[in-house]
Amino acid sequence: MTSGTPQISLYNTLTRSKEPFTPLDANNVRMYVCGPTVYDFAHIGNARPVIVFDVLFRLLRHVYGAEHVTYVRNITDVDDKINARALRDYPDLPLNEAIRKVTEKTEAQFLADAERLGNLPPTYQPRATDFVLPRPDGKPDMVSLIKTLIERGHAYEANGEVLFSVQSMPDYGQLSGRNLEDNLAGARIAVDAHKRNPADFVLWKQSSAEEPGWDSPWGRGRPGWHIECSAMSAAYLGDVFDIHGGGLDLIFPHHENEIAQSRCAHGTHAMANVWMHNGFLQVEGQKMSKSLGNFYTISQLLDSEDFGGRKWPGEVLRFAMLMTHYREPIDFSVRRLEEAQNILHKWRAPLRHGSVSRSHVQATEVPPEFLKLLSEDLNTPAALRYLTEVASRSFGVSVGTESPSNLFHPSFNQLWSALQLVGVDLLGYEVMRDSRVEMAVAERLAALNAKDFAKADAIRNELAEQGIALMDYKDEAGQRQTKWEVKR
Ligand code: AMP
Ligand code: ZN
């Protein structure tokens, strides 16, 4: 850690408290985040963990050095939902081929969406299907992990399945705070008759001839969901690593069971030291989810006009997400996106007015206060509010006013650098959109000055349809000027 960088503190779900973060090895800070199951487009709720942990990745790189951070986010490409989708979409293809089509297409879409939202690619993005069987490179794999669990008395075969025995682990349930009695109460005894304990969960299950399967010591079958992440995290990060993340819904059963598998297989006191969980993105108080049908896909927001009647640039979606602390729920609304759009629009004013030229924008020291707020359990809303102060103080951009006369480079570079640190590019492609609006506004002013009111009104109406509101005013020299902002 370089001097002058603040201490990072993170809220740890495992201890239910905010703790100073100390990596196991400052030369290799290691983080694992559960990635998507690739059977369908990702919705904007799925984008939340991607963005939140990208911000943490960037902060860790800033503090420890880019080459000293390893971030793994897996791709789950074996799942019964994938099989169902393959059968539905490619009924005439052999299942394996159909599955490959579904997963390759969905994975490519996910990576493209993630990039357009300003996320760096993780260091490694392993696919689950590459870690089912023992590997030529000797990296940990699912079958070997399950064998070890059986040998150590933590798993058993029953009814064609291999199950993890929760009673074999005295402190099972620490992460979610559930004890075994809680789990018993909710269990369906009839369905689970072959289990020693109703909370026992599947490590391996048999596949029928039509289902995807791998030959294993327990017959042809496929892995349970949780074991994937135990194998892939161990493969790239070792038996114990620093940070494990995902959405709140993953605490139980997924993360609880990952911990059980990894700790029991490796005989360790921990799988990861810090467990972090983002809150839900909600629509009218309900979690956005496929099953509720209340979702907007990322590409729908970027490329169609389905949400609020217009397209939303990636920077705006990302900024809107960061206006809320990652552990709080977000209520996703057009209003929130407009607010984000307007703040970015104001911060770009020096570029529009030409007092800062793109070619002079360069990386500079991130304001220490910004870094400090970000380091306090990723307090992005406070950090962005601080930038609002910086912007209004140093280059006179605040709500309702733009005074292009006193803009200067150093503070714009500070603002730009701070935003880069959280992955928002102030020079992003949205500036293009701005310049198109600028041109239309200038054309309308010319029409007004030429008393061509019909043309001026037509341009105003056209912009209004795109959600752009115009406000005319006179400048100090008494010249007619126009300000614009995004509104509905
Ligand atoms: P899934 O594809 O459902 O396994 O979700 C992938 C990731 O997105 C997981 O980390 C989930 O916790 C997260 N996630 C799913 N829905 C939401 C939501 N509405 N808000 C925030 N995170 C979500
Ligand atoms: Zn996982």
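Values reported hereafter were calculated over all heavy atoms of this structure, with side chains retained and with hydrogens, waters and symmetry mates removed. Order of appearance sets the numbers: ligands from 1, and atoms from 1 within every ligand.
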Lys139 NZ: over 12 foreign heavy atoms closer than 6.0 Å: yes
His154 and Phe164 aromatic ring geometry - parallel, tilted or perpendicular at 30°/60° bounds: parallel
For ligand 1, the portion of His43 having any non-hydrogen atom under 4.0 Å away: side chain
Trp225 and His254 aromatic ring geometry - parallel, tilted or perpendicular at 30°/60° bounds: parallel
Geometric class of the Trp275/His244 ring pair [parallel <30°, tilted 30-60°, perpendicular >60°]: parallel
For atom 1 (P) of ligand 1, the protein heavy atom that lies nearest, with its residue and separation: Asn46 ND2, 4.0 Å
Under the side-chain contact (heavy atoms from CB on, under 4.5 Å) test, residues paired with Leu111 that sit two or more places apart: Arg73, Glu107, Gln125
Side chain proximity check, Gln7 to Ser375, heavy atoms < 4.5 angstrom: no
Backbone or side-chain N or O of Arg48 under 3.5 Å from ligand 1 N or O: no
Which segment of Pro36 sits under 4.0 Å of ligand 1 when only heavy atoms are counted: neither
Those atoms of ligand 1 less than 4.0 Å from some heavy atom in Met288: 16 (N), 18 (C), 19 (N)
Shortest protein heavy-atom distance from atom 20 (N) of ligand 1, along with the residue and atom involved: Leu281 N, 2.8 Å
Ser289 heavy atom under 4.0 Å from ligand 1: no
Pair Thr123-Thr70, side-chain hydrogen bond (donor to acceptor under 3.5 Å, both in side chains): steps then yes or no: CA-CA 6 Å; Thr123 322; Thr70 307; 5.2 Å; no
Atom indices of ligand 1, in the order listed, that fall short of 4.0 Å to a heavy atom of Asn278: 21 (C), 22 (N)
Sphere of radius 2.8 Å around the Zn ion (ligand 2) - protein N, O or S atoms inside: Cys34 SG, Cys229 SG, His254 NE2, Glu258 OE2
Those atoms of ligand 1 less than 4.0 Å from some heavy atom in Pro49: 7 (C), 8 (O), 10 (O), 13 (C), 22 (N)
Cationic N near anionic O, under 4.0 Å, Asp130 to Arg135: no
Modelled atom types, side-chain donor and acceptor of Glu19 and Thr15, under 3.5 Å: yes
Residue pairs passing the side-chain hydrogen bond (donor to acceptor under 3.5 Å, both in side chains) test where at least one lies in residues 143-153, sequence neighbours excluded: Asp141-Ser144
Charged tip of Arg48 within 45° of Tyr326 ring normal and under 6.0 Å: no
Partner residues of Thr129 under the side-chain contact (heavy atoms from CB on, under 4.5 Å) criterion, sequence neighbours left out: Asp77, Val78, Arg127, Trp214
Minimum-distance protein heavy atom relative to atom 4 (O) of ligand 1: Thr37 OG1, 4.3 Å
Side-chain heavy atoms of Leu415 within contact of Trp347, under 4.5 Å: yes
Atoms of ligand 1 close to Lys287 [distance to a heavy atom under 4.0 angstrom, numbered from 1]: 16 (N), 17 (C), 19 (N)
Minimum-distance protein heavy atom relative to atom 23 (C) of ligand 1: Gly45 O, 3.3 Å
Residue and atom name of the nearest protein heavy atom (relative to atom 11 (C) of ligand 1), distance in Å to one decimal: Asp249 OD1, 3.4 Å
Sub-4.0 Å atoms of ligand 1 with respect to non-hydrogen atoms of Gly279: 21 (C)
Basic-acidic side-chain contact under 4.0 Å: Asp79, Arg222: no
For atom 10 (O) of ligand 1, closest protein heavy-atom neighbour: Gly247 N, 3.1 Å
Enumerated ligand 1 atoms positioned under 4.0 Å from heavy atoms of Leu250: 9 (C), 10 (O), 12 (O)
